[in-house]
Number of protein chains: 2
Amino acid sequence: MALAEILNERRERRPGIPAAIAELKSFFGERVVTGEDVRRAHAHSTTYLPAQLSDAVVFAETEAEVQTIVGICGRHGCPIVPFGAGSSLEGHVNAPFGGIALNLSRMNRVLAVHAEDLDCVVEAGITRETLNSHLRDTGLFFPIDPGADATLGGMAATRASGTNAVRYGTMRDNVIALNAVMPDGSLVRTARRAKKTSAGYDLTRLLVGSEGTLGIITSLNLRLAGIPETILSGVCPFPTVKDACDAVIMTIQSGIPVARIELMDEAAVGAANSASKLGLDPSPCLFLEFHGSAASVDEQSQAFSAIAAEFGGGEVQRATRPEDRARLWKARHHHYWDVLTLRPGCKGIPTDVCVPVSALSECIAETQKDLAASDLIGPIIGHVGDGNFHVLLLIDTEQPAEIAAAEGFMARLAARALAFDGTCTGEHGIGQGKRGYLDAELGPAVDVMRAVKQALDPRDIMNPGKIFSLS
Amino acid sequence: MALAEILNERRERRPGIPAAIAELKSFFGERVVTGEDVRRAHAHSTTYLPAQLSDAVVFAETEAEVQTIVGICGRHGCPIVPFGAGSSLEGHVNAPFGGIALNLSRMNRVLAVHAEDLDCVVEAGITRETLNSHLRDTGLFFPIDPGADATLGGMAATRASGTNAVRYGTMRDNVIALNAVMPDGSLVRTARRAKKTSAGYDLTRLLVGSEGTLGIITSLNLRLAGIPETILSGVCPFPTVKDACDAVIMTIQSGIPVARIELMDEAAVGAANSASKLGLDPSPCLFLEFHGSAASVDEQSQAFSAIAAEFGGGEVQRATRPEDRARLWKARHHHYWDVLTLRPGCKGIPTDVCVPVSALSECIAETQKDLAASDLIGPIIGHVGDGNFHVLLLIDTEQPAEIAAAEGFMARLAARALAFDGTCTGEHGIGQGKRGYLDAELGPAVDVMRAVKQALDPRDIMNPGKIFSLS
C-alpha cells in the first residue's frame with residue numbers, strides 16, 4: 001500500500017466525537033487532554049508512517065473507568081485507539097478517523113503472583129521491565145522480550161515475541177487468560193487460571209493479536225518461567241548466511257533448547273564495527289544464549305559448537321558473567337543505534353517477514369540481492385530459530401523517491417516471504433502499513449476476520465483503520 | 001444440565017433435511033448411507049449421554065467434496081455433524097436436530113513432511129497412530145496423546161491434550177495452521193507455514209476447540225518433535241495425594257522438563273491391583289516419563305527422586321527398555337479397563353476438571369470426600385503437571401437414581417473447580433453435557449462466543465446443540 005493511500009485515508013472525523021469528548025470530560029475532568037503536544041506524543045510512530053492525531057487523550061486508571069469510556073464512545077460512535085507505551089511499529093497508535101487515544105499506562109499494577117503455579121496477573125499498562133523488577137525476588141520472570149520496554153497489554157495486542165521466542169514462545173503462548181472491555185462496554189474474562197482448558201472458543205487467542213480492534217485488554221494472566229540458574233552467552237562467526245542458517249536448523253533439529261539464537265548479516269556486523277569499533281570478524285554471526293544449570297548450558301553450548309564447526313563456523317566466544325555477556329552481545333544490543341549512524345538524519349524502517357526455517361537462508365540471500373539492486377542500505381538481523389528476520393532500511397523520509405524505493409522493496413519482500421509460505425509479519429502486526437499484504441497472505445480468511453470484527457464491533461469504534469483494508 | 005433436559009432437546013428435525021439428503025445422493029451416490037446401523041455407529045457415545053442419530057452419513061474424500069457438502073447443507077439448512085474416529089467423550093457426534101454425520105476418516109493422507117522445519121501437513125481424518133507410524137523413519141513424532149487413537153481433525157476440534165501436554169503442550173500449541181470449510185462453503189487457510197505470525201486474528205486458535213460449530217477442519221499443518229534419544233519411565237508411591245501433588249509442584253518449579261507426570265489415587269491403584277494383580281503398594285502413585293539424552297533423563301530422574309524423597313515418596317522404580325516401560329506403566333495404561341472390572345455391566349463416565357496446580361491436592365481431597373459421601377465409585381487419575389484430573393465414575397446407566405447421583409456429583413465437581421479458579425473441562429470439551437457449566441465458568445464471554453457463532457454460521461448448520469445452552 002503506497003504511503004499516499006494511507007495519507008488519503010484521513011477521512012472526515014466521525015461526527016459524534018465532540019459530544020463524546022464533552023461527556024468524557026464531565027466524568028474524567030483533567031484526565032481528558034486535548035493539547036496538541038500530548039495528542040502528538042500519543043500518535044508518534046517509529047516507522048515512516050505519518051502521525052495521525054486523535055482529538056483527545058484519556059488517561060484511564062481502572063477497569064471500570066475503561067468500561068465507562070467505552071460506553072460513552074460507543075454511544076457516540078467515537079473511535080478509541082488504545083495506547084500503552086507507544087512502541088509499536090506499524091502505526092497502531094494512529095487515529096486516522098480521529099477519536100480518542102486511551103492511555104492505559106496508569107493501569108500498571110501487579111494484581112497477583114502465584115509462584116506455585118508459575119503465573120501472575122497484571123494490569124495491561126505495566127511494562128515488561130517493571131514486571132520483571134517486581135518479580136525478581138520470586139525467582140521467576142516473564143520471558144517475552146520484544147526489545148522495547150512495551151506494556152504487556154500492547155504486547156498481547158500485537159502478539160509480540162522477540163529474541164527468546166525460540167525457547168519460550170510468543171505472547172500467544174504466554175497469556176493464560178485476559179480481561180477485556182468489549183465494544184458494547186461489557187467486561188469479559190476469557191478463561192480461568194487453569195493451565196489448559198477446552199471450555200468454548202479460545203477468546204484469549206482471538207484477542208491476542210487483535211491490535212485493539214476487538215476490545216480493550218485491561219488485565220492479563222501470564223505464564224512465568226524460572227530465572228535460569230546459569231545463562232551462557234555465545235557468539236560465533238560463519239562464512240555465509242547460509243552456513244549460519246544451516247547450523248540453526250541442525251541446532252533446532254537436535255533438540256538443543258537454545259534460549260536465543262540471533263543472526264546478524266555482514267552489513268549488520270559491519271555497522272557494529274564502524275559505529276562501536278568492535279573489531280569483529282566482518283562475516284555473518286550468530287548470537288546465542290543458553291539457559292539452565294551450569295552443566296546443562298555447558299552441554300548445550302558444546303553441542304552447538306560441534307554443529308557450528310560442521311558448517312564452517314569459527315570459534316564460539318562464551319561468557320556467563322552479566323558484564324561479559326553484555327560485552328559479547330554488544331553488537332546485537334546496539335544494532336538499531338549502530339545502523340542509524342550509517343546515514344545520519346535518516347530514519348530506520350524495520351521490516352518483519354517470517355518464513356519456514358528451511359527457507360530462511362534463501363529468503364535472506366534474495367533479499368540481500370534485492371537491497372543491492374535497489375541501492376538501499378538495510379542491514380539484517382534475525383530471530384532465526386523462528387525464521388523471522390528484520391531488514392532495517394535507512395531512509396531519508398523527506399525524499400519521496402526514497403520512500404517509494406522503500407515501499408517497492410517492502411512489497412517485494414512481503415511477496416517473497418509469501419512465496420516461501422511465510423508471513424508478512426512475524427511479530428510487529430499488520431497495523432496500517434501491511435493491510436494489503438494481509439489480503440495477499442490469507443485471502444478468504446480475511447473475510448472471516450472481517451465477519452468477526454463486524455459482529456463484535458458493528459460501529460467500528462475499536463482502533464478503526466487497522467488490520468483491514470478500507471473498502 | 002440434567003439428562004432429561006438433554007433428551008428433551010431432540011426437537012423437530014429441520015425441514016430441509018430430506019431435500020439436502022436427496023441432493024447429496026445425486027452427487028455422492030452410495031457414499032450417502034441412511035441405514036440405521038451406520039447412523040448409530042456415528043452417534044455412539046462413550047458417556048452416559050444417549051445417542052441421537054443423524055439422518056444420513058456422508059463419506060467425504062476430498063476438501064472439494066467437503067465444500068460441496070457444506071454448500072448443499074447450507075442451502076437447505078441441514079445440520080452437519082463432523083465425525084472423525086468417534087472417540088470424543090461429550091456427545092460431540094450426536095445429532096439432536098438431525099441432519100448428516102460427515103465422516104472424514106477417508107481423508108487420511110499425509111500431504112507433506114517438512115523435516116527441516118519440524119512440521120507436517122495432514123488431512124483431518126488421519127489418526128495420530130497412523131501419522132506416527134508414517135513419521136517413524138524421519139526421527140520425528142507428533143507428541144499429543146489423548147489416549148484414544150483419535151483423528152487429528154477431531155483432536156483439534158476439541159482442543160485435545162493428554163498425558164504429555166505438560167511438556168509438549170496441547171493441540172492449541174501444536175497446530176501451526178489449518179484449512180477449514182466455513183458455513184458459507186468457502187475454504188479458508190488460517191495461516192501460512194511460518195512458526196510464528198502476527199498477521200491478523202488468530203483463526204487457527206479460534207477453530208481449534210470450536211467443536212465443529214464454526215467450520216469443518218479439512219487439513220492441518222502440525223508441529224512435530226524429535227523422537228527422544230532415550231525415554232525413561234518411572235513410578236513412585238506417595239503417602240498421600242497431597243504429598244504427590246506437592247512433589248509435582250516442586251518438580252515443575254525446578255524446571256525439570258518432565259514429559260509425563262500422572263497421578264493415580266488410592267482407588268485407582270486398588271483397581272489395578274484387583275484387576276491386573278500387580279501387587280502395587282496401595283497408595284497414591286506418580287507415573288513419570290523423562291525424554292532426552294541418556295545423561296539428561298538420568299539427571300532429570302535423579303532430580304525428581306530427590307524431590308520425591310522430600311515429600312515422603314518411596315523408591316522410584318525406573319525402566320528404559322520399551323517392554324520394561326510398558327510393564328512399569330501397566331497400571332496406568334490399563335486404568336480404564338481395570339476400573340470397569342470393579343462393577344461389571346456398569347459404564348465408566350469420565351469427568352475432566354482442571355485447576356491451578358497449587359489447588360490440585362485440595363480439589364482432589366474434597367472430591368474424594370464427595371465421592372465417599374455420595375456412595376459413588378470413582379477412581380481418579382490426573383495429568384497433574386497441568387492440574388487436570390479425571391474421576392472415572394462407575395454408573396449403572398439403567399438406574400435413573402444412579403444417573404441422578406452422578407449428575408449431582410458432576411455438578412458439584414464443576415462448581416468446585418470453578419471455586420478454585422479452574423475450568424469444567426481441561427481437554428474433553430463442552431459438547432452437550434457441560435453447556436451449563438460453561439455459562440457458569442465464563443459468563444459474559446459466552447455471549448461473545450455466541451456473537452462469533454452467529455456471525456459465521458447464521459443458519460446454525462455446524463454441529464448445532466453443542467457448546468451453547470439452548471435459549
Side-chain angles (χ1 to χ4, degrees), chain A residues 114 116-118 158-159 161 165 170 172-173 182 186-190 192-203 205-206 208-210 226 249 253 255 354-358 386-388 421-430 438 441-442 444-446 448-449 451-452 454-456 467, chain B residues 114 116-117 158-159 161 165 170 172-173 182 186-190 192-203 205-206 208-210 226 249 252-253 255 354-358 386-388 421-430 438 441-442 444-446 448-449 451-452 454-456 467:
Chain A
H114 305 109
E116 287 198 318
D117 297 314
L118 303 183
T158 52
R159 205 180 297 128
S161 48
T170 75
R172 186 193 81 191
D173 309 298
M182 303 305 288
S186 64
L187 175 67
V188 304
R189 185 182 176 193
T190 56
R192 296 300 190 103
R193 201 163 62 77
K195 269 179 73 181
K196 66 180 194 182
T197 175
S198 286
Y201 302 162
D202 191 345
L203 297 184
R205 252 51 59 181
L206 182 62
V208 170
S210 63
I249 289 170
Q253 277 191 320
C354 186
V355 297
V357 179
S358 62
D386 298 317
N388 185 201
D421 212 359
T423 174
C424 67
T425 176
E427 56 187 13
H428 295 170
I430 297 295
L438 178 65
E441 182 169 328
L442 294 178
V446 182
V448 176
M449 296 179 200
V452 170
Q454 169 68 24
L456 300 185
I467 296 184
Chain B
H114 305 109
E116 287 198 318
D117 296 314
T158 53
R159 206 181 294 129
S161 46
T170 74
R172 187 193 81 191
D173 310 298
M182 302 305 288
S186 64
L187 175 68
V188 304
R189 184 180 176 195
T190 56
R192 297 299 191 104
R193 200 162 63 78
K195 266 180 73 179
K196 66 180 193 184
T197 176
S198 286
Y201 302 161
D202 191 346
L203 297 184
R205 253 51 60 181
L206 182 62
V208 169
S210 64
I249 289 172
I252 305 285
Q253 278 192 319
C354 185
V355 297
V357 178
S358 62
D386 297 317
N388 184 201
D421 212 358
T423 175
C424 68
T425 175
E427 56 185 12
H428 295 170
I430 298 294
L438 177 65
E441 182 169 327
L442 294 178
V446 182
V448 177
M449 296 179 200
V452 171
Q454 170 68 23
L456 300 185
I467 296 184

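Throughout, protein chains are lettered first and strands after them, A, B, ... in sequence-line order, and every chain is numbered starting at 1. Keep in mind that what you see is a predicted model, and the values were worked out from it rather than measured. Computed over heavy atoms, backbone and side chain alike; hydrogens, waters and symmetry mates excluded.
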- [ ] Could you tell me which of B:Ala445, B:Pro444, B:Gly226 has the largest number of non-hydrogen atom pairs under 4.5 Å with chain A?
- [x] B:Ala445
Task: Closest-packed option against chain A by number of heavy-atom pairs under 4.5 Å, given B:Gly209, B:Gly429, B:Pro356 - done: B:Pro356
TODO: Select, from B:Asn388, B:Val446, B:Thr170, the one with the greatest count of heavy-atom pairs under 4.5 Å involving chain A.
DONE: B:Asn388
Open item on the list: What part of A:Leu203 gets within 4.5 angstrom of chain B, counting heavy atoms only: side chain, backbone, both, or neither?
Closed with: side chain
Task: With sequence neighbours excluded, residues passing salt bridge (charged side-chain N to carboxylate O under 4.0 Å, His left out) with B:Glu441 - done: none
- [ ] Mind ranking B:Val188, B:Thr425, B:Thr423, B:Ile430 by heavy-atom pairs under 4.5 Å with chain A and telling me who comes out on top?
- [x] B:Thr425
Open item on the list: Using heavy-atom distances under 4.5 Å, tell me whether B:Ile252 contacts chain A through its side chain, its backbone, both, or neither.
Closed with: both
- [ ] Under 4.5 Å, counting heavy-atom pairs only, tell me which of A:Arg193, A:Lys195, A:Arg189 racks up the most with chain B.
- [x] A:Arg193
- [ ] Go through B:Ala165, B:Cys424, B:Ser210, B:Gly255 and name the one with the most non-hydrogen pairs under 4.5 angstrom from chain A.
- [x] B:Ser210
TODO: Measure across B:Ala194 and A:Cys354 and return the closest heavy-atom pair with its distance rounded to 0.1 Å.
DONE: CB-O, 3.4 Å
Open item on the list: I need the minimum non-hydrogen distance between B:Gly200 and A:Ile467, along with the two atoms involved.
Closed with: CA-CG2, 4.4 Å
Task: Distance (rounded to the nearest 0.5 Å) between B:Met449 CE and A:Thr190 OG1 - done: 8.5 Å
TODO: For A:Arg205, check salt bridge (charged side-chain N to carboxylate O under 4.0 Å, His left out) against everything at least two apart and list the hits.
DONE: A:Asp202
Task: Short side-chain to backbone donor-acceptor contact, B:Asp117 and A:Ser358, under 3.5 Å - done: yes
- [ ] With a 4.5 angstrom heavy-atom cut-off, could you sort out which part of B:Val355 is near chain A: side chain, backbone, both or neither?
- [x] backbone
TODO: Check for a donor-acceptor pair, side chain of A:Asp421 on one end and backbone N or O of B:Arg192 on the other, with a separation under 3.5 Å.
DONE: no
Open item on the list: Only pairs of heavy atoms separated by less than 4.5 Å count here; which of B:Gly426, B:Gly387, B:Ser186 has the most with chain A?
Closed with: B:Gly426
Task: OG1 on B:Thr197 to CD on A:Glu427, rounded to 0.5 Å - done: 10.5 Å
TODO: Tell me, for B:Leu442 versus chain A, whether the close heavy atoms (under 4.5 Å) come from the side chain, the backbone, both or neither.
DONE: both
Task: Contact class of A:Met182 relative to chain B, heavy atoms under 4.5 angstrom - done: side chain
Open item on the list: When you compare the side chains of A:Lys196 and B:Ser161, does any donor N or O come within less than 3.5 Å of an acceptor on the partner?
Closed with: yes
Task: Most chain B-contacting option - heavy-atom pairs closer than 4.5 Å, from A:Val448, A:Leu456, A:Asp173, A:Asp386 - done: A:Asp386
- [ ] State whether the side chain of B:Ser198 and the backbone N or O of A:Arg159 hold a donor-acceptor pair below 3.5 Å, judged by distance alone.
- [x] yes
- [ ] Could you tell me which non-hydrogen atom of A:Ala451 sits nearest to which non-hydrogen atom of B:Ala455, and how far apart they are?
- [x] O-CB, 3.8 Å
